[in-house]
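For the single chain, residues carry numbers from 1 onward in sequence order.
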Amino acid sequence: MEESALLTNITMIITKDILVDEANSQKKPKHFLWHDNQNINEEDKMRFPLLAPMDDEDEEFFVRQQFFTKPTTKTKEGDNKTENGVRPAESEVRTSKRSKELNLLNRFENVEFEGFLHMSKMSFLKTFQFIKHLLQQSTFPAGVPAQTVFSLALWKLTTDEHFEEISRRFHIPQPDCELIVSQFWHIISDKYESYIKWPNSHLFQQLQLQGFQKHPQLKIFPNLFGILALKRLDIFLASEDAEISIILQIVCNVDQKVIDCFVELEQEYSFDETPMGQILALNENTMPKGCYLIGNKSFPLKPYLMKPITNPCFRKEHEFNRLLEPALRLGQDTLDIMAKRFNALYALEARDLAEVRKILETVCALHNLSVAIEDDYVERKREVVKFNWATDTNSNITSVGSEQNVQGLQRRNDLIDRIVQQ
């Protein structure tokens with residue numbers, strides 16, 4: 001009897017091993033097996049009975065380990081060397097887990113999708129096509145698909161959920177989420193000039209000027225080349241373990257595309273010290289001769305930078321300030337549009353100032369792509385939400401720039417005489 005029982009046990013063990021091997025050979029890609037996917041067929045449910053939302057988490061984790069990963073085979077010393085006697089990298093010896101394809105398009109209905117991503121599904125696809133090639137050329141943990149990278153980064157910027165929340169929502173380890181999104185910011189920031197372009201060629205400079213001349217309220221300003229706008233943001237920096245204030249400075253065109261952006265600590269900010277301020281002062285070819293930007297009262301008056309009169313006394317001075325309002329509003333609306341699409345601007349957090357710059361450059365780049373593809377979500381949202389983030393007095397600039405530049409004063413007086421009717 002003992003010998004018979006022993007043979008029976010051996011037979012059961014062998015049979016179990018065969019069944020496990022067969023299941024491993026027939027397993028499907030990971031994204032078909034996660035319980036939040038609605039496309040699991042009946043055959044898969046029978047084969048993997050623990051993949052329903054109500055199942056025990058420990059049991060589900062065990063099943064995932066069995067079917068989503070391949071065990072690392074231990075070898076003797078020298079067994080994993082190549083013909084040249086060189087040991088391959090550890091990542092080549094060990095097969096990593098497959099990464100889930102995060103498909104937000106199928107996960108959410110149209111209204112819910114727009115509520116989270118602040119753009120239509122078609123706009124999402126168009127924007128993704130613009131940058132897809134950059135993501136495919138980059139290295140991400142565990143071979144993350146390009147669409148997953150874009151989805152996670154956009155989700156972080158539009159919802160401003162913490163990485164812990166994103167990790168829990170999409171079942172992706174938090175360190176991977178942080179690394180993927182941070183790498184995305186780095187990639188887009190490195191390609192800054194591909195998406196945020198200052199008009200340098202004669203053709204694009206003329207198009208810039210013509211755009212303002214077609215605007216019904218701004219065509220009275222001859223040689224207007226761009227609008228300057230500022231916004232103070234309170235940022236939490238992990239490196240400082242504190243909240244600090246920074247200045248976001250942008251230049252936009254008549255289409256509300258950002259053609260230049262700059263970020264600096266509030267306590268160190270000075271327009272004359274910014275790259276834009278220095279370039280305009282030193283290089284006459286930065287703009288066509290006689291052209292200028294328009295900025296608010298916080299900017300210094302320059303021959304290439306017009307601003308409102310701080311203490312207007314005469315009727316012509318009050319009228320000039322009134323005529324400047326549409327231009328200043330254009331810059332404020334550009335910032336407000338960016339914030340309504342990318343809610344992260346309301347409460348930004350980053351590791352250090354360098355990362356803050358990368359995030360804000362990424363926001364400006366994605367904003368420009370949204371303008372280019374003419375997504376209308378924010379336009380519809382602004383019809384309902386009247387609050388303008390850029391004009392919020394609690395977090396705006398209150399300082400007044402100098403008006404002592406002699407050439408600037410002369411240029412502004414000439415402009416007043418030209419556009420203000422007697």
Side-chain angles (χ1 to χ4, degrees), residues 197-231 249-261 271-272 274 276-277 279-281 283-337 368 371 388 390-391 397 400-422:
K197 300 179 180 180
W198 182 267
N200 288 316
S201 69
H202 177 74
L203 173 61
F204 284 108
Q205 288 181 345
Q206 292 305 308
L207 291 174
Q208 184 88 343
L209 293 169
Q210 292 171 14
F212 284 108
Q213 289 304 301
K214 293 178 181 179
H215 191 286
Q217 294 177 300
L218 300 180
K219 62 183 180 181
I220 62 172
F221 293 99
N223 300 324
L224 175 57
F225 196 77
I227 310 297
L228 268 164
L230 289 180
K231 179 64 179 179
Q249 172 188 289
I250 68 166
V251 182
C252 68
N253 63 15
V254 71
D255 297 321
Q256 296 183 308
K257 281 188 177 181
V258 177
I259 59 175
D260 183 78
C261 74
F271 174 78
D272 290 331
T274 65
M276 178 54 58
I279 291 173
L280 289 173
N283 188 351
E284 296 180 355
N285 297 322
T286 304
M287 295 187 295
K289 186 176 181 180
C291 289
Y292 51 88
L293 306 175
I294 289 179
N296 62 26
K297 64 180 182 179
S298 63
F299 290 101
L301 180 66
K302 305 283 185 181
Y304 46 80
L305 203 175
M306 296 291 99
K307 58 171 289 184
I309 299 171
T310 303
N311 296 305
C313 298
F314 304 103
R315 185 194 66 82
K316 291 179 64 174
E317 294 177 341
H318 283 283
E319 181 65 11
F320 176 74
N321 284 0
R322 186 188 68 80
L323 293 174
L324 284 178
E325 289 177 0
L328 301 178
R329 189 161 56 247
L330 184 70
Q332 293 170 346
D333 287 348
T334 300
L335 288 169
D336 185 56
I337 288 170
N368 283 355
V371 173
N388 191 312
T391 59
I397 312 299
V400 177
S402 170
E403 296 184 63
Q404 302 304 312
N405 186 284
V406 176
Q407 292 178 316
L409 285 169
Q410 183 60 50
R411 181 69 184 277
R412 187 169 65 180
N413 290 334
D414 293 341
L415 187 59
I416 292 173
D417 293 337
R418 183 171 180 176
I419 68 174
V420 178
Q421 297 180 353
Q422 302 294 333

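- Heavy-atom minimum distance, N296 versus K307: O-CB, 3.8 Å.
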Indicate every side-chain donor-acceptor pair of residues 211-229 with a distance under 3.5 Å to a residue at least two apart or in another chain.
from : atom 1 : to   : atom 2 : distance (Å)
Q213 : NE2    : F221 : O      : 3.0
H215 : ND1    : Q217 : N      : 3.1
H215 : ND1    : L218 : N      : 3.3

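- Rounded to the nearest 0.5 angstrom, Q249 CD and L230 CG are separated by 5.5 Å.
- Considering only heavy atoms from C-beta on, K197 stays 4.5 Å or farther from I259 through its side chain.
- For Q210, the CD atom is densely surrounded, since the number of other residues' heavy atoms within 6.0 Å is greater than 12.
- No side-chain heavy atom of R411 sits under 4.5 Å from any side-chain heavy atom of Q407.
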Going through the checks in order, is the side-chain contact (heavy atoms from CB on, under 4.5 Å) test met by L301 and Q404?
CA-CA 7 Å; L301 180 66; Q404 302 304 312; over 6 Å; no
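- If you take CD on Q256 and CD1 on I250, they are separated by 9.0 Å, rounding to the nearest 0.5 Å.
- Rounding to the nearest 0.5 Å gives a distance of 9.0 Å between OG1 of T286 and CD of Q205.
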What pairs of donor and acceptor atoms, side-chain ones from residues 319-330 against any protein atom, are under 3.5 angstrom apart with sequence neighbours left out?
from : atom 1 : to   : atom 2 : distance (Å)
E319 : OE1    : R322 : NE     : 3.1
E319 : OE2    : R322 : NE     : 3.4
E319 : OE2    : R322 : NH2    : 2.5
N321 : OD1    : I309 : N      : 2.8
N321 : ND2    : I309 : O      : 3.0

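- The shortest heavy-atom contact between L305 and P300 is CD1-O, 3.7 Å.
- Between Q410 atom CD and N413 atom CG the span is 6.0 Å, to the nearest 0.5 Å.
- To the nearest 0.5 Å, the span separating CD on Q208 from CG on N253 amounts to 5.0 Å.
- Checked against the 6.0 Å centroid criterion, the rings of F271 and F299 qualify as a close aromatic pair.
- Minimum heavy-atom separation, C252 to G331: SG-CA, 4.0 Å.
- Side-chain contact, D336 with Q332: no donor N or O sits under 3.5 Å from an acceptor N or O.
- A donor-acceptor contact shorter than 3.5 Å links the side chain of N368 to the backbone of V258.
- Scanning all heavy atoms of the two residues, the minimum distance from M287 to C291 falls at CE-O, 3.6 Å.
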Chi angles and distances behind the side-chain contact (heavy atoms from CB on, under 4.5 Å) call for L280, L293:
CA-CA 10 Å; L280 289 173; L293 306 175; 3.8 Å; yes
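- The closest donor-acceptor contact from the side chain of E317 to the backbone of F314 lies under 3.5 Å.
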Start with the C-alpha distance between V251 and W198, add both sets of side-chain angles, then the distance that settles side-chain contact (heavy atoms from CB on, under 4.5 Å), and finish with yes or no.
CA-CA 9 Å; V251 182; W198 182 267; 4.0 Å; yes
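- The two residues Y304 and A281 have their closest heavy-atom pair at OH-CB, 3.5 Å.
- Side-chain contact between L207 and P199 is absent, with no heavy atoms from C-beta onward closer than 4.5 Å.
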